[in-house]
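Owing to the predicted nature of the structure, the values given are computational and were not obtained by experimental measurement. Order of the sequence lines sets the chain letters (A, B, ...), proteins ahead of strands, with each chain counted from 1.
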2 protein chains.
Amino acid sequence: MNRNYIQELGIIAIASRLKQLTEVLTKDMAKVYSELHVDFEPRWFTFVHLLKKEGKLSLTEISRKLNQTHVAANQVANALEKAKLIETSRDRNDNRKRLLTLSTKGQQLVEELEPVWKGVENAVDGLLKEAGSNLFEEIEKIETGLLQKSIYERIRENVNAEIVSRVKIISYKPVYKHAFIDLNLRWLEKYFEVEPHDKKLLFNPDEEIIEKGGDILIATYLDEVIGTVAILKVSKRVGELTKMAVQENLQGHGIGHKLMESAILLARNKGYKKLTLLTSPRLEKAVNLYKNFGFSESHEPSLLLNNLDRSSIQMEIIL
Amino acid sequence: MNRNYIQELGIIAIASRLKQLTEVLTKDMAKVYSELHVDFEPRWFTFVHLLKKEGKLSLTEISRKLNQTHVAANQVANALEKAKLIETSRDRNDNRKRLLTLSTKGQQLVEELEPVWKGVENAVDGLLKEAGSNLFEEIEKIETGLLQKSIYERIRENVNAEIVSRVKIISYKPVYKHAFIDLNLRWLEKYFEVEPHDKKLLFNPDEEIIEKGGDILIATYLDEVIGTVAILKVSKRVGELTKMAVQENLQGHGIGHKLMESAILLARNKGYKKLTLLTSPRLEKAVNLYKNFGFSESHEPSLLLNNLDRSSIQMEIIL
DNA sequence: TTCATAAATGTAAGTGCTTACATAAATTTT
DNA sequence: AAAATTTATGTAAGCACTTACATTTATGAA
């Protein structure tokens with residue numbers, strides 16, 4: 001049941017299982033070394049093996065080949081030097097470089113260890129064959145997959161999808177008034193001076209938007225209001241998009257996108273033929289979002305004309 | 001080329017590659033948490049996930065389910081308690097047990113994290129699917145394989161085979177005299193008082209064994225003498241096996257076995273019909289080795305009769 | 001009951017990595 | 001050539017584990 005639980009947890013658990021596997025392997029190697037009365041630690045293995053193969057390498061070269069930090073390599077190197085298994089010299093052409101080679105003692109030790117290493121290799125090969133496993137290939141495949149798209153990107157995409165799927169878009173009700181004010185005030189204050197005409201609209205959504213034939217959509221997430229968008233009624237055929245806001249710590253997950261989709265759907269259903277909006281070049285992400293939905297710059301007069309002093313951009317889309 | 005080198009190193013490198021993979025994953029998860037402004041560390045994941053699922057668990061139960069030491073679980077528990085994400089109570093029936101549950105704050109956090117976890121799960125699933133990988137099954141297979149026979153046993157077997165394959169059995173030459181004496185003296189002194197008749201045979205192998213028609217075989221490993229066995233000529237048809245010695249730090253790898261094989265082959269080739277030996281019940285491993293080769297106890301007189309004061313066992317085999 | 005043993009938890013210290021920072025030598029840019 | 005940048009190495013401290021050991025409580029056998 002343990003196993004089953006761990007499986008549920010996905011790759012994190014996979015890694016911990018593999019880590020445990022390696023730990024067993026490492027410990028068992030240590031046991032074999034000590035049975036042979038050989039003074040050697042498993043973690044020296046890759047380092048010494050590499051040095052044996054390559055003859056002479058600098059610290060950084062080793063760390064790179066072993067996919068470790070230079071600090072880790074340095075620590076092993078120091079331990080090996082203390083055990084007199086390797087020797088240091090300086091590169092004549094580059095005095096920074098610490099060149100490492102196996103000492104005579106080190107070479108002798110390697111000879112003694114050869115059968116252990118070979119034995120471990122055979123043991124692992126045998127195990128994999130017996131299990132009919134292609135572990136190596138599997139890992140290869142995964143690494144290749146990650147070259148196409150990083151784990152981070154994959155997680156981001158999927159997390160965004162999860163979050164967006166939990167976001168609900170609902171119609172405005174008076175109970176949301178405070179959240180509507182808060183969310184919009186927050187970004188307004190962040191980017192601009194909040195001016196009287198902003199306040200009038202913002203603090204009286206029922207009177208200034210709904211009662212004048214406009215609409216407000218509310219985005220909720222985990223039962224909290226986390227986004228808003230409003231469509232003012234300019235005329236029977238024209239709406240104006242405004243008061244688009246998403247809670248700061250949830251920005252960048254696609255919630256704005258979802259709000260826009262709903263807003264445009266609503267506008268179409270309502271019979272609008274055109275949707276306009278006013279924004280500012282400073283709100284780069286917002287402008288990009290609008291463009292993605294097909295908005296383009298226009299110069300028609302706006303209901304909120306006085307906002308133009310913010311060096312606004314006016315945009316519109318034909319529905 | 002890095003990759004190729006690491007591949008050569010087998011499963012140890014596999015593990016380090018997977019570890020790196022996990023590290024990336026962990027870091028990326030941490031990044032997503034921080035983007036969401038959630039105060040949560042990746043290493044809390046399994047712990048909290050488990051607690052969410054099971055509701056209430058004791059520390060030891062958690063550590064067992066997560067395949068960790070109780071100390072590790074304890075440390076995470078303390079961190080989580082400090083962050084007020086879990087709460088401790090005592091088991092009424094067993095006052096030792098520290099029962100842990102998610103606090104209200106913890107439960108809220110889990111709600112927030114759910115999409116991240118789900119997203120990670122989907123990301124990993126997607127990656128595996130895309131790569132056409134069955135990593136999970138592969139690991140399963142390997143774990144099953146290890147239930148049949150542990151890594152340690154596998155390594156031991158293979159290391160033994162490697163060592164034995166490097167051991168050479170050669171005929172005695174006077175140059176090996178000192179090694180012959182040394183190796184035998186060492187175990188004789190370890191188990192018994194070394195008596196005059198031992199010394200006579202041991203210190204004069206040329207005169208006392210070879211020149212009297214007997215034979216000595218020498219086992220070498222990495223150009224060092226590490227084992228001996230002698231066959232005294234009792235008569236034309238009968239030989240007596242003696243002076244079987246293997247260097248202490250190489251015992252248990254099957255070198256004695258290889259020496260015995262060679263000795264029996266030699267005896268047959270020489271025309272002996274029977275091989276006898278004297279040993280002691282104290283040398284349990286040796287007795288077992290002899291039995292494995294078909295020796296059984298006998299009571300015929302021995303060339304080394306006076307050894308019988310060691311409460312010896314006499315054994316023989318018909319060739 | 002009592003005494004030995006086992007189980008649950010906790011603490012301290014060690015291990016094998018890491019990150020962060022520092023220094024010196026080499027290389028590139030200006 | 002001087003200044004800025006990069007590279008190679010080193011040191012200190014942190015992290016997430018581990019092992020070793022200690023303490024308290026429960027359990028089982030005599």
S.K.: Starting at atom CG of A:Asn78, determine the distance to atom P of D:dA12, rounded to an integer number of angstrom.
M.R.: 12 Å

S.K.: Roughly, in whole Å, what's the span from CG in A:Asp91 to P in D:dA8?
M.R.: 11 Å

S.K.: B:Phe47 CZ to D:dC17 C1': how many Å, rounded?
M.R.: 15 Å

S.K.: Thinking salt bridges, do B:Glu137 and B:Lys141 make one under a 4.0 Å N-O criterion?
M.R.: no

S.K.: More 5' along DNA chain C: A:Ala72 or A:Arg92, using each one's nearest nucleotide?
M.R.: A:Ala72

S.K.: Is any side-chain nitrogen or oxygen of A:Asn74 closer than 4.0 Å to OP1 or OP2 of D:dT9?
M.R.: no

S.K.: Donor-acceptor pair under 3.5 Å: do we get one between A:Gln75's side chain and the base of D:dT11?
M.R.: no

S.K.: To the nearest Å, how far apart are A:Glu41 CD and C:dG14 C1'?
M.R.: 12 Å

S.K.: So B:His49 and B:Trp117, would you call those rings parallel, tilted or perpendicular, with 30° and 60° as cut-offs?
M.R.: tilted

S.K.: Is any side-chain nitrogen or oxygen of A:Lys27 closer than 4.0 Å to OP1 or OP2 of D:dT19?
M.R.: yes

S.K.: Whole angstrom is fine here: how far is it from CG in A:Leu59 over to C1' in C:dT23?
M.R.: 15 Å

S.K.: Look at B:Thr60 and C:dT9 and indicate whether a side-chain polar atom (N or O) is within less than 4.0 Å of OP1 or OP2.
M.R.: yes

S.K.: Exactly one of B:Val159, B:Ile155, B:Asn158 should register a side-chain contact (heavy atoms from CB on, under 4.5 Å) with A:Asn122. Which one does?
M.R.: B:Asn158

S.K.: Taking only N and O in the side chain of B:Thr69, is any of them less than 4.0 Å away from OP1 or OP2 of D:dC17?
M.R.: no

S.K.: Salt bridge check: are B:Lys149 and A:Glu130 linked by an N-O gap of less than 4.0 Å?
M.R.: no

S.K.: Nearest-nucleotide wise, let me know which of B:Arg43 and B:Asn93 is further upstream toward the 5' end of DNA chain D.
M.R.: B:Arg43

S.K.: Picking from D:dA26, C:dA25, C:dG10, which would you name as closest to the side chain of A:Asp94?
M.R.: C:dA25

S.K.: I need the CD-C1' distance between B:Gln68 and D:dT19, as an integer number of Å.
M.R.: 15 Å

S.K.: Are any non-hydrogen side-chain atoms of A:Gln68 and A:Gln75 less than 4.5 angstrom apart?
M.R.: no

S.K.: Do the side chain of A:Arg96 and the base of D:dT7 come within less than 3.5 angstrom through a donor-acceptor pair of N or O atoms?
M.R.: yes

S.K.: Tell me: CG of A:Leu100 to P of D:dA8, nearest whole Å?
M.R.: 14 Å

S.K.: Calculate the interatomic distance between A:Trp44 atom CH2 and C:dG16 atom P; express it in whole Å.
M.R.: 10 Å

S.K.: Want to settle it: does A:His70 or B:Val71 sit nearer the 5' end of DNA chain D, counting the closest nucleotide to each?
M.R.: A:His70

